Participant: 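Here it is: the structure, laid out below.
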Amino acid sequence: MKNTKVAAILNRIADLLEMDGVDFRTKAYRRAAHTVEFLSQDIEDVRDEGKLEELPGIGKSISRKIEEILDTGTLQYYENLKKEFPLDFEALAAVEGLGPRTIKLLYNKLGIKNLQDLERAAKRHKIRRLPGMGYKKEHQILENLKIAKKGTDRILLGQILPLAEDIKEEIEKLDVSRVEIAGSIRRMQETIGDIDLLVVTDKPKQVMDYFTSMNLVDDVITRGSLKSSVRLKNGVQVDLRLFKESSFGSALLYFTGSKETNVMMRRIAIRKGMKLNEYGVYRGEKQVAGKTEEEVFRKLGMQYIEPELRENRGEIEASINDELPELVKYSEIHGDLQMHTNWSDGSDSILKMAQTADKLGYEYMAVTDHTGRLKIANAMAEDRIKKQIKEINRLNQELDGITVLRGVEVNVDSRGKLDVAHDVLKNLDVVVAAVHSGFRQDREKLTARILSAMENEDVNIIAHPTGRKIHYRRAYELDLEGIFETSRDTGTFLEVNSQPNRLDLKDTNIRRAVYAGCKLMINTDAHSANQLSNMKLGVATARRGWAESKDIINTLPLKKFEKVLN
DNA sequence: GCCGTTTTCGGCCCGACTGTTTTCAGTCG
């Protein structure tokens with residue numbers, strides 16, 4: 001997949017053009033980059049079919065440039081631009097308050113190319129003497145430089161969601177009539193840059209005072225009458241905006257984003273002779289919608305788009321054509337089919353897991369402790385698997401309301417064989433297979449391993465199919481199309497793993513799998529009872545991948561689920 | 001540079017806040 005590389009170059013071109021104040025051409029490159037980045041196909045395949053120009057935002061000029069990148073690995077136009085501005089734009093732009101115009105000014109007047117140059121110039125008070133700059137700006141640059149140098153990663157959704165909900169609850173205690181979390185958290189994006197809060201209140205000053213002086217706050221970035229931003233002690237930025245009830249829907253829509261989706265929606269409004277902003281839909285001066293999101297969509301002649309879909313990946317067109325999927329619901333999950341107990345590397349007993357799963361409203365769950373050679377995970381040998389089966393049988397007699405299925409998570413070895421014998425596996429209800437070693441094999445070998453596991457009649461599920469760990473390990477090189485095909489043909493389910501740093505398959509791959517006709521299973525892979533609540537992250541990811549309940553096997557009630565499993 | 005349910009030319013999303021300005025440019029979301 002060269003998609004990422006092509007998109008990166010197109011984005012860099014946009015950066016460089018932006019420094020020169022080129023406006024609309026910049027936007028064109030950004031749009032093309034977005035298209036390529038989230039394309040469900042390999043860009044090389046699209047080129048081979050001669051269909052580059054059919055992609056949204058890609059015309060003659062950019063398609064030729066893409067071909068050049070694919071053919072030569074580089075692009076002359078881009079190389080020339082880089083020569084004009086030989087500087088580390090990305091690093092400099094990561095400093096809050098530094099945009100393309102300022103970066104250009106700093107380069108032209110002071111020759112600043114990177115963060116070191118910037119720091120030196122600021123400390124020698126050279127920046128404050130530049131036109132449009134001053135003492136405050138220079139001071140601000142020095143402050144924000146420290147943060148930029150830390151290279152703050154985006155934070156995992158699973159980490160930030162509880163924090164955002166805590167802050168929301170705090171603000172709800174004030175004199176407010178409504179508080180909502182917007183932004184990428186509401187879209188349930190896998191990683192999050194900041195927290196966006198929208199508030200309706202009759203006491204704006206009280207709310208802003210409280211917000212900017214919360215215990216968690218390290219620094220107030222801006223403080224206005226309608227909008228304030230703070231940085232928390234853990235480095236996370238939180239923005240809070242006040243709105244009237246009559247604008248709340250359009251505000252929620254706008255601040256939920258994504259940015260690209262907003263731009264598309266505003267264009268649609270213009271085409272219909274209206275204007276859309278965060279205060280509402282306007283015909284002339286008159287507000288004609290805005291109280292609720294539903295109202296805004298209706299006014300624009302669109303189907304309501306769930307927040308998880310708002311990424312400008314085709315949902316706008318689908319909405320206009322009444323073709324949006326009916327997304328799987330958070331409440332539709334009837335069971336969790338991968339979890340670990342204190343029989344291997346989990347921290348809670350089977351009973352504790354079962355009681356917690358029962359409280360979550362599940363009808364069934366599978367205990368899938370590690371087996372065979374995975375010694376660091378306290379894996380079970382075959383005699384202990386048999387013992388555990390007996391223990392689960394006994395528990396099922398005791399338990400009421402939830403059925404515990406007997407399972408294991410087996411390892412797929414470097415040649416695609418399982419590390420537990422068929423004689424043992426045949427007595428189990430659920431066999432989860434996963435790659436836990438040899439990640440560095442090449443694409444062919446890794447793909448062959450997984451295909452071979454899928455063709456094994458004992459295997460029901462392939463867990464965390466691509467092996468990626470966000471911020472830690474890239475996905476293995478795999479022929480995903482081949483895997484999807486075999487998954488469909490053998491009836492082997494692909495997992496959507498709900499661990500906050502896995503979310504594997506990820507959203508865009510889920511969409512490809514669903515399109516290919518695969519059936520998926522959303523599991524938590526919980527290693528303790530409290531991790532069972534991570535299910536919502538997996539469901540969110542499936543929703544972002546346009547999955548419907550028919551695509552997700554564990555939305556089935558127990559009887560039907562068992563039938564499908566066999 | 002892209003695009004078309006008014007258009008193959010003339011548009012291209014829009015507002016809050018800050019700092020450095022006497023009226024606005026730049027940044028951010």
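Basis for what follows: all heavy atoms, side chains included, without hydrogens, waters or symmetry-related copies. What you are looking at is a predicted structure, and each value in this text was computed from that prediction instead of being measured. Every chain is numbered from 1, with letters handed out A, B, ... down the list of sequences.
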Participant: What residues form a side chain to side chain contact (heavy atoms under 4.5 Å, CB included) with A/Y135, not counting sequence neighbours?
Facilitator: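 Here the qualifying residues are A/R128, A/H139.
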
Participant: Going by salt bridge (Lys or Arg N to Asp or Glu O under 4.0 Å), name the residues that satisfy it together with A/K205, two or more places apart in sequence or in a different chain.
Facilitator: A/D209

Participant: Once side chain to side chain contact (heavy atoms under 4.5 Å, CB included) is applied, do any residues pair with A/D504, and if so which ones, sequence neighbours excluded?
Facilitator: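 Expected list: A/H464, A/P465, A/T466, A/R468, A/R502.
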
Participant: Mind listing the residues from residues 111-134 of chain A sitting with a heavy atom below 4.0 Å of DNA chain B? Number order is fine.
Facilitator: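 A/G132, A/M133, A/G134 - these, ordered by number, are the residues of the stretch whose heavy atoms sit under 4.0 Å from the strand.
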
Participant: Looking at A/Y107, is A/K113 sitting on its ring face, NZ or CZ under 6.0 Å from the six-membered ring centre and within 45 degrees of the normal?
Facilitator: no

Participant: Which residues pass the side chain to side chain contact (heavy atoms under 4.5 Å, CB included) test with A/E285, not counting sequence neighbours?
Facilitator: none

Participant: Please write out the pairs of protein N or O atoms and N or O atoms of nucleotides 3-8 of chain B separated by less than 3.5 Å, giving the distance to one decimal.
Facilitator:
unit_1: B/dC3; atom_1: OP1; unit_2: A/G57; atom_2: N; d: 2.8

Participant: Show every side chain to side chain donor-acceptor pair (under 3.5 Å) that has at least one partner inside residues 320-332 of chain A, sequence neighbours left out.
Facilitator: A/E308-A/Y330

Participant: What residues from residues 75-85 of chain A pass a heavy-atom cutoff of under 4.0 Å to DNA chain B?
Facilitator: none

Participant: Show the distances under 3.5 angstrom between N or O atoms of the protein and N or O atoms of nucleotides 25-29 of chain B.
Facilitator:
unit_1: B/dG26; atom_1: O3'; unit_2: A/T102; atom_2: OG1; d: 3.1
unit_1: B/dT27; atom_1: OP1; unit_2: A/G99; atom_2: N; d: 2.8
unit_1: B/dT27; atom_1: OP1; unit_2: A/G99; atom_2: O; d: 3.0
unit_1: B/dT27; atom_1: OP1; unit_2: A/T102; atom_2: N; d: 2.9
unit_1: B/dT27; atom_1: OP1; unit_2: A/T102; atom_2: OG1; d: 2.3
unit_1: B/dT27; atom_1: OP2; unit_2: A/R101; atom_2: N; d: 3.2
unit_1: B/dC28; atom_1: OP1; unit_2: A/G97; atom_2: N; d: 2.7
unit_1: B/dG29; atom_1: N2; unit_2: A/Y254; atom_2: OH; d: 2.4
unit_1: B/dG29; atom_1: N3; unit_2: A/Y254; atom_2: OH; d: 3.1

Participant: Name every residue in residues 177-188 of chain A that has at least one heavy atom under 4.0 Å from any atom of DNA chain B, in order of residue number, or write none if there are no such residues.
Facilitator: none

Participant: Among all residues two or more places apart in sequence or in another chain, which pass the side chain to side chain contact (heavy atoms under 4.5 Å, CB included) test with A/D194?
Facilitator: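 By the side chain to side chain contact (heavy atoms under 4.5 Å, CB included) rule, A/D194 matches A/D196, A/Q237, A/D239.
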
Participant: Only counting residues at least two apart or in another chain, list the ones meeting side-chain hydrogen bond (donor to acceptor under 3.5 Å, both in side chains) with A/R31.
Facilitator: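 side-chain hydrogen bond (donor to acceptor under 3.5 Å, both in side chains) check on A/R31 returns nothing, list empty.
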
